[in-house]
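Read the structure below first, then the notes.
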Amino acid sequence: MLSAEDANKIIAFLSAAYSCTDSPEAQAEFHRLANELRKASGQPEE
């Protein structure tokens, strides 16, 4: 299982990538990946 702390570190990188693109498809994928990390670490999805 992934720790919440480690997941949040990776999510921070995904958030930065999300902010750097105007592509709705890319933003949706970054959001999906962040939610998968949240699930894997036992955190609620957003």
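Since the structure is predicted, the reported quantities are computational estimates derived from the model, not experimental observations. Residue numbers count from 1 along this sequence.
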Going from CD on E36 to CG on L2, what distance comes out if it is rounded to the nearest 0.5 angstrom? 12.0 Å
Exam field: side chain N8 to backbone A4, donor-acceptor pair closer than 3.5 Å: yes
Regarding R32 and N35, is there a side-chain donor-to-acceptor distance under 3.5 Å anywhere? no
Going by atom types alone, do Q43 and S41 pair a side-chain donor with an acceptor below 3.5 Å? yes
Begin from the C-alpha positions of Q27 and H31 and carry the test side-chain contact (heavy atoms from CB on, under 4.5 Å) through to its verdict. CA-CA 6 Å; Q27 288 178 337; H31 185 78; over 6 Å; no
Which pairs of donor and acceptor atoms, one on a side chain in residues 13-21, lie under 3.5 Å apart (sequence neighbours left out)?
unit_1 : atom_1 : unit_2 : atom_2 : d
S19    : OG     : S15    : O      : 3.1
T21    : OG1    : S23    : N      : 3.1

Partners passing salt bridge (Lys or Arg N to Asp or Glu O under 4.0 Å) against E25 (at least two apart in sequence or in another chain): none
